[in-house]
Every structure is written in structure tokens, then in C-alpha cells.
Amino acid sequence: MTDPVVRLSGVTKSFGAHTAVSEFDLTIPRGTILGLLGPNGSGKTTTIRMMMAILLPDRGTVELLGGFPDFSRRARVGYLPEERGVYVKMKVLDQLVFLGELRGMARPVVRRRAMEWLERLGLGEWASKKVQELSKGMQQKVQFIGTVLHDPDLLILDEPFSGLDPINQDVLESIVREQREQGKTILFSTHLMEQAERMCERVCLISKSRKVLDGNLKKLKRRERSGVVAIEFEGDDRWLLRMGFTDPERVGDAYHLAVSDTATQDRLLAGAVAEGVSLRRFEVLEPSLHEIFVRHAGEQSDEPPLRAAGGAR
């Protein structure tokens with residue numbers, strides 16, 4: 001099937017005088033990982049809640065899995081909200097069985113599948129413990145299991161890795177990629193730019209309730225190239241001076257050179273050959289996702305735009 005899994009057309013949502021989402025269009029193709037990215041307050045969570053019919057738009061239309069997001073369509077979605085919520089007095093396995101049965105799964109099937117997931121995420125020995133006995137990171141893994149337990153067609157993950165240590169972040173990343181390989185569609189909302197850059201095929205960047213960029217990440221990065229070449233070679237750099245690069249920037253083993261166009265790149269490469277330089281690397285650099293967002297929306301935002309992985313909250 002080639003129909004998009006999610007389609008938003010002209011969606012607007014206000015709360016009193018505050019417009020949370022404004023004239024928003026978004027199409028999520030089937031079988032992709034899309035990153036919904038933006039600062040706090042930009043409208044990401046409101047957008048997701050409208051996809052799930054938790055909120056209804058003031059204007060515009062929302063289609064989920066081919067139609068209005070009614071109960072039957074929402075049942076095919078695994079939604080991990082930003083606000084974590086577990087029943088702390090319930091035992092871990094009992095909670096997962098309860099969640100699976102809400103999705104229409106037979107008890108023997110959901111018990112078996114829940115135990116498989118618990119073992120995979122290192123929680124097998126905690127199955128009979130109350131959720132309140134688990135650490136926050138372990139509770140988050142339980143909630144993640146509840147999200148994927150019923151084998152949904154669409155996963156919506158709102159800040160899924162917040163609060164997890166790097167090892168468990170890697171584990172969940174690998175599971176998300178595995179879900180993608182199985183043909184699932186993933187909507188992934190995060191502040192962590194390095195993580196989004198590793199995982200997402202498509203991105204939608206939001207700033208102050210409006211979409212500022214949307215498309216295939218590789219194509220966006222090629223389009224946003226800023227004219228910088230990284231070059232590594234053996235020997236001294238006097239040949240660069242002879243070619244007119246009077247102040248090359250040294251970054252590790254490479255020189256970063258500002259080049260204005262393809263013709264200048266070709267001239268630089270031809271000059272290296274003419275000078276007999278032994279090149280180890282010649283690369284036109286693409287901007288990071290963080291740099292792309294700052295370029296398009298950083299000045300519009302009232303908050304620090306976005307942080308790289310490991311940055312301050």
C-alpha cells in the first residue's frame with residue numbers, strides 16, 4: 001500500500017489567545033522514520049495529539065491510516081506520550097497483559113509476547129515485581145514494551161529516550177530500526193539532534209507553531225550545503241596559499257576551505273593534482289541537522305533552538 005499513514009492538511013489549533021499549531025501540513029509516507037523536531041512549545045505534542053484525536057483541530061483535516069482517527073484506526077497505533085504514565089501498584093507483567101487485552105489481544109498471547117519483550121530488555125526477573133520497585137529508566141522500558149506489544153502499524157514516540165542511559169538508548173534505537181525494517185512507520189519526536197540525524201529518513205522542523213522545513217533528510221542536507229570543503233593531504237600547506245587560500249581553517253587532520261561554487265571546487269582539486277599533492281580526503285561538507293534548523297528557525301524561536309545529544313536541557 002502506498003497511501004500515506006498520516007496526512008494533516010491546513011491544521012490549526014489554538015488555546016485561548018495562544019496558537020499552538022498554525023496552518024500545518026504534513027504527510028508521512030508508509031514505512032519511513034520521520035523526525036518531528038522543534039523546541040519546547042513549538043507545537044510538536046499538540047500536533048501528535050491531534051493525530052490521535054486526543055485533541056480536535058479548530059481548522060483543517062487529520063487523516064490517520066486512511067481516514068478519521070477513530071477507535072479502530074487508533075488501535076493500530078503504538079503511542080508513547082511525552083508524559084510518562086504507569087500503574088505503579090500493578091505488577092509489571094500484569095500491567096502489560098492489561099494493556100495488551102485493551103488492544104484486543106488474547107491473554108495467553110499477550111503473556112507470552114510480554115515475557116519475550118521483558119527478557120529482551122533485561123527485565124525478565126522483574127516481571128512479578130510491582131512497577132514502583134523499578135527505576136525510572138526501567139519503568140520507561142516497560143512503557144515502551146506496552147507501546148509495541150500489539151504489533152502496531154504506526155509507532156508514535158514522543159521524546160522516547162529522555163532519561164535513559166546511553167546503553168539503553170542504543171537498545172531502543174536498534175528496536176526502532178528493526179520495526180522500520182519490518183515495514184512499520186515511525187513518527188519520532190525529539191530534541192536530540194544527533195539522534196534524529198542517525199535515525200530519521202525524513203524530518204519536519206517546527207518553530208513557533210509553524211512548519212519551516214519538511215522532506216527527505218539526505219536531500220535537505222545536500223540542498224543546504226554551505227560551500228565548505230574538507231581536504232586532507234600529505235606535506236605542508238603552502239600550495240593552498242599559492243592558490244589564494246590565505247587563511248585555511250585547521251580541523252583535526254583536515255583543512256576546511258570556503259568555496260563559493262562547483263567551479264572553485266574543481267579548480268582546487270585540479271590545483272592539488274598539478275602541485276603533485278597526495279590527497280587523502282576531499283569532501284564537500286554537509287551541514288548538521290542542528291545547523292540547518294538554526295539557519296532557518298533559530299532567530300524566530302524564543303528558546304534555545306535545539307540541543308545536540310548530551311547537551312544541557
Side-chain angles (χ1 to χ4, degrees), residues 33 36 40 44-46 48-49 51-55 69 71-180 182 184-192 195 199 309-310 312-313:
I33 302 179
L36 186 63
N40 288 332
K44 303 187 304 298
T45 296
T46 299
I48 289 172
R49 288 173 176 170
M51 291 178 193
M52 293 297 293
I54 298 170
L55 296 172
F71 178 81
S72 63
R73 290 186 175 90
R74 295 199 304 271
R76 297 162 56 192
V77 178
Y79 176 34
L80 180 65
E82 183 178 13
E83 300 83 5
R84 304 298 183 241
V86 288
Y87 300 105
V88 295
K89 299 296 184 180
M90 291 183 71
K91 294 180 180 179
V92 171
L93 182 57
D94 290 344
Q95 177 157 171
L96 293 173
V97 169
F98 170 69
L99 293 174
E101 288 182 324
L102 286 178
R103 297 293 191 180
M105 300 175 67
R107 177 165 295 198
V109 174
V110 70
R111 284 183 65 88
R112 173 179 54 80
R113 194 175 294 177
M115 281 305 305
E116 291 172 353
W117 274 109
L118 289 169
E119 293 289 349
R120 179 172 182 180
L121 293 183
L123 297 175
E125 64 187 63
W126 295 86
S128 60
K129 303 289 187 182
K130 289 186 177 180
V131 175
Q132 65 187 8
E133 299 180 49
L134 277 61
S135 68
K136 288 185 178 180
M138 295 164 73
Q139 290 181 18
Q140 187 166 337
K141 288 197 286 185
V142 170
Q143 191 164 355
F144 181 84
I145 293 172
T147 303
V148 298
L149 192 59
H150 60 295
D151 195 27
D153 297 320
L154 168 65
L155 281 175
I156 297 178
L157 307 175
D158 196 353
E159 298 288 355
F161 306 112
S162 176
L164 291 178
D165 61 70
I167 293 176
N168 282 309
Q169 286 186 24
D170 288 345
V171 169
L172 292 195
E173 276 191 32
S174 68
I175 292 172
V176 170
R177 291 192 184 94
E178 177 186 283
Q179 295 285 309
R180 162 65 181 84
Q182 294 173 2
K184 307 302 175 62
T185 305
I186 295 105
L187 172 62
F188 174 62
S189 175
T190 185
H191 285 78
L192 303 178
Q195 205 162 51
M199 297 184 64
R313 291 176 180 269

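Note that the numbering runs from 1 along the sequence shown for the chain.
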key: Heavy-atom side-chain proximity of Ile33 to Val176 below 4.5 angstrom   = yes

message = Check whether Arg76 reaches the backbone of Pro152 with its side chain - one donor and one acceptor, N or O, closer than 3.5 Å.
response = no

query = Do Met105 and Leu99 have side chains that get closer than 4.5 Å, going by heavy atoms?
reply = no

message = Would you compute the distance between atom CG of Leu102 and atom CG of Leu149 and round it to the nearest 0.5 angstrom?
response = 11.0 Å

ask   = What distance separates Met52 CE from Arg74 CZ, expressed to the nearest 0.5 Å?
value = 6.5 Å

query = Is Arg113 paired with Asp151 through a side-chain N to carboxylate O contact shorter than 4.0 Å?
reply = no

ask   = Considering only heavy atoms from C-beta outward, does the side chain of Arg49 approach that of Pro81 to under 4.5 Å?
value = no

ask   = Has the side chain of Gln195 got a donor or acceptor atom that lies under 3.5 Å from a matching backbone atom of Thr190?
value = no

request  = Could you give me the CA-CA distance, side-chain angles and deciding distance for Gln139 and Gln132, then say whether side chain to side chain donor-acceptor pair (under 3.5 Å) is met?
outcome  = CA-CA 8 Å; Gln139 290 181 18; Gln132 65 187 8; over 6 Å; no

request  = Starting at CD of Gln169, measure out to OG of Ser174 and round the result to the nearest 0.5 Å.
outcome  = 12.0 Å

query = At their closest point, which heavy atom of Pro160 faces which heavy atom of Leu164, and how far apart are they?
reply = O-CD1, 4.0 Å

ask   = CZ of Arg177: more than 12 outside heavy atoms within 6.0 angstrom?
value = yes

query = Got a donor-acceptor contact below 3.5 angstrom from the Lys141 side chain to the Leu121 backbone?
reply = yes

request  = For the pair Gln179 (side chain) and Leu155 (backbone), establish whether a donor and an acceptor sit closer than 3.5 Å, ignoring hydrogens and angles.
outcome  = no

key: Check against side chain to side chain contact (heavy atoms under 4.5 Å, CB included), Ile186 and Leu157   = CA-CA 8 Å; Ile186 295 105; Leu157 307 175; 4.2 Å; yes

note = Between His150 and Val77 the two heavy atoms that sit nearest each other are NE2-O, 3.1 Å

inquiry  = Could you tell me if the side chain of Leu96 sits less than 4.5 Å from the side chain of Val142, heavy atoms only?
reply    = yes

task = First locate atom CD1 of Ile175, then atom CZ of Phe144, and finally report the distance between them rounded to the nearest 0.5 Å.
result = 5.0 Å

inquiry  = Does any part of the side chain of Glu159, heavy atoms only, come nearer than 4.5 Å to the side chain of Thr45, both counted from C-beta?
reply    = no

note = Of all heavy-atom pairs linking Ala127 and Leu118, the shortest is CB-CD1, 3.9 Å

inquiry  = Could you tell me if the side chain of Phe161 sits less than 4.5 Å from the side chain of Leu172, heavy atoms only?
reply    = yes

inquiry  = With a 4.5 Å cut-off on side-chain heavy atoms, are Lys130 and Met90 touching?
reply    = no

Least distance between heavy atoms, Ser189 atom then Ile48 atom = CB-CD1, 4.0 Å

Test item: Val131 and Lys91 side chains (from C-beta on) under 4.5 Å apart, heavy atoms = no

ask   = Which atom pair, heavy atoms only, marks the closest approach of Gly124 to Glu119?
value = CA-OE2, 3.7 Å

message = To check you understand the geometry: which heavy-atom pair defines the closest contact between Leu36 and Lys44, and what is its length?
response = O-CD, 3.4 Å

task = In sequence, state the C-alpha distance, the side-chain angles, and the governing distance for Glu116 and Arg112, and then conclude on salt bridge (Lys or Arg N to Asp or Glu O under 4.0 Å).
result = CA-CA 6 Å; Glu116 291 172 353; Arg112 173 179 54 80; 3.4 Å; yes

query = Given the rule in the salt bridge (Lys or Arg N to Asp or Glu O under 4.0 Å) test, do Lys89 and Glu133 qualify, once you have shown the distances and angles that lead to the verdict?
reply = CA-CA 9 Å; Lys89 299 296 184 180; Glu133 299 180 49; over 6 Å; no

request  = Check the pair Leu123, Val92 against side chain to side chain contact (heavy atoms under 4.5 Å, CB included), reporting the backbone distance first and the verdict last.
outcome  = CA-CA 9 Å; Leu123 297 175; Val92 171; 5.8 Å; no

From CD (Glu101) to CZ (Phe98), nearest 0.5 Å = 8.5 Å

ask   = Can you tell me if CZ on Arg111 sees more than 12 non-hydrogen neighbours from other groups inside 6.0 Å?
value = no

Nearest-0.5 Å distance, OG1 of residue Thr147 to OH of residue Tyr79 = 10.0 Å

